[in-house]
Amino acid sequence: MQIQVVSTVSELQRLGPEWDELVAASDSDNPFLQWEWCSTWWRHYGAGHELVVVLVRDGGQLIGLAPLYMERGKGTRAPGAMRFLGTGEVCSEYLGFIFRRGHEQPAGHELIHFLLKDSNIPWRQLRLTHVPAHGATATVLEAC
């Protein structure tokens, strides 16, 4: 499996069709996880923060996605909290990681391992809020 981090608006724009196809092929098909909502939220509320959308691929196919950003305090570049796109200024609901059906556990393991051990992203806290208690994200986090 391969991990890729999307950190620019142009990369985010190109990801649209593939992101929405993944959402449709997941058990997390809700408006707050669709590309249109997340990219629009980022355009309006992302200033001063760092985009950190983590992709998990298997043989080139997108099987997992973590729609995240690094929250920065006003006027600081210090490491901050990693949060889901859609939280903070305007709160969305039913947030989480997006996994292709049947790939939840392997993609989830790779994603969590990357965030906790392999990434060079200097975050200080994971603030994963608005996650449904029953779903792939909660299951993956409980297994860690």
Side-chain angles (χ1 to χ4, degrees), residues 1-58 60-100 103-104 106-144:
M1 284 188 225
Q2 306 83 39
I3 298 285
Q4 175 187 357
V5 177
V6 170
S7 59
T8 67
V9 172
S10 62
E11 291 174 310
L12 182 64
Q13 291 301 112
R14 287 192 301 271
L15 190 56
E18 192 176 24
W19 181 318
D20 282 343
E21 188 277 327
L22 178 65
V23 170
S26 75
D27 288 331
S28 304
D29 192 359
N30 79 70
F32 298 115
L33 290 176
Q34 293 177 348
W35 176 85
E36 185 70 36
W37 177 267
C38 291
S39 64
T40 300
W41 184 94
W42 181 251
R43 275 196 319 274
H44 291 281
Y45 300 105
H49 304 299
E50 182 179 337
L51 185 64
V52 186
V53 175
V54 182
L55 310 177
V56 181
R57 295 184 183 279
D58 189 12
Q61 181 182 43
L62 184 61
I63 62 168
L65 187 149
L68 301 170
Y69 75 99
M70 172 97 67
E71 181 180 55
R72 302 279 188 187
K74 294 199 186 310
T76 182
R77 293 296 303 160
M82 194 79 78
R83 301 184 71 173
F84 286 121
L85 292 173
T87 57
E89 295 286 330
V90 172
C91 290
S92 307
E93 296 183 26
Y94 310 109
L95 300 178
F97 305 130
I98 306 164
F99 300 117
R100 187 170 300 278
H103 297 271
E104 294 87 352
H109 175 78
E110 288 292 320
L111 179 62
I112 296 300
H113 185 80
F114 174 77
L115 288 172
L116 297 179
K117 299 196 176 177
D118 290 341
S119 83
N120 59 359
I121 303 165
W123 55 271
R124 66 171 169 76
Q125 182 183 43
L126 279 174
R127 294 190 64 201
L128 305 179
T129 61
H130 301 86
V131 175
H134 304 287
T137 301
T139 302
V140 164
L141 291 172
E142 287 172 356
C144 293

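Just so it is clear, the values below take in all heavy atoms, side chains as well, and ignore hydrogens, waters and symmetry mates. The structure displayed is predicted, hence computed values, not measured ones.
Nearest heavy-atom pair across F114 and V5 is CZ-CG2, 3.6 Å. Listed here is the closest heavy atom pair of W42 and L51: CH2-N, 3.4 Å. Minimum interatomic distance between W19 and V53 (heavy atoms only, all atoms of both residues): CZ3-CG1, 4.0 Å.
Contact check for F84 versus L68: side-chain heavy atoms found under the 4.5 Å cut-off. Counting only heavy atoms from C-beta outward, the side chains of Y45 and L85 never approach each other to under 4.5 Å.
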Tell me which donor-acceptor pairs under 3.5 Å the side chains of residues 25-33 have, and how far apart each pair is, sequence neighbours excluded?
| unit_1 | atom_1 | unit_2 | atom_2 | d |
| --- | --- | --- | --- | --- |
| S26 | OG | V23 | O | 2.7 |
| S26 | OG | S28 | N | 3.0 |
| D27 | OD1 | R101 | NE | 2.8 |
| D29 | OD1 | Q34 | NE2 | 3.4 |
| N30 | OD1 | F32 | N | 2.7 |
| N30 | OD1 | L33 | N | 3.4 |
| N30 | ND2 | Y94 | O | 3.0 |

Anything under 3.5 Å between a donor and an acceptor, one on a side chain of residues 125-141, the other on a protein residue two or more places apart or in another chain? List them.
| unit_1 | atom_1 | unit_2 | atom_2 | d |
| --- | --- | --- | --- | --- |
| T137 | OG1 | F97 | N | 2.7 |
| T137 | OG1 | F97 | O | 3.4 |
| T139 | OG1 | G135 | O | 2.9 |

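The side-chain hydrogen bond (donor to acceptor under 3.5 Å, both in side chains) test applied to R43 returns T40, not counting sequence neighbours. Listed by chain and residue number, E11 satisfy the side-chain contact (heavy atoms from CB on, under 4.5 Å) test with S7 (two or more places apart in sequence, or in another chain). Scored by the side-chain hydrogen bond (donor to acceptor under 3.5 Å, both in side chains) test, Q13 finds no partners at all (sequence neighbours excluded). Listed by chain and number, the residues in a side-chain hydrogen bond (donor to acceptor under 3.5 Å, both in side chains) with E18 are R57 (sequence neighbours excluded). Residues that satisfy the salt bridge (Lys or Arg N to Asp or Glu O under 4.0 Å) test with E21, not counting sequence neighbours, are R100.
In this structure, L22 CG and Q61 CD are separated by 8.5 Å, a value rounded to the nearest 0.5 Å. Note that CD1 of I98 and CG of D20 are 8.5 Å apart. Values are rounded to the nearest 0.5 Å. Within the model, atoms CD of E110 and CE of M1 stand 5.0 Å from one another, a figure rounded to the nearest 0.5 Å.
Screening L55, V56, V54 for a side chain to side chain contact (heavy atoms under 4.5 Å, CB included) with L65, the sole residue that qualifies is L55.
The aromatic rings of H113 and H109 lie parallel to each other, with less than 30° between the two planes, well short of the 60° mark.
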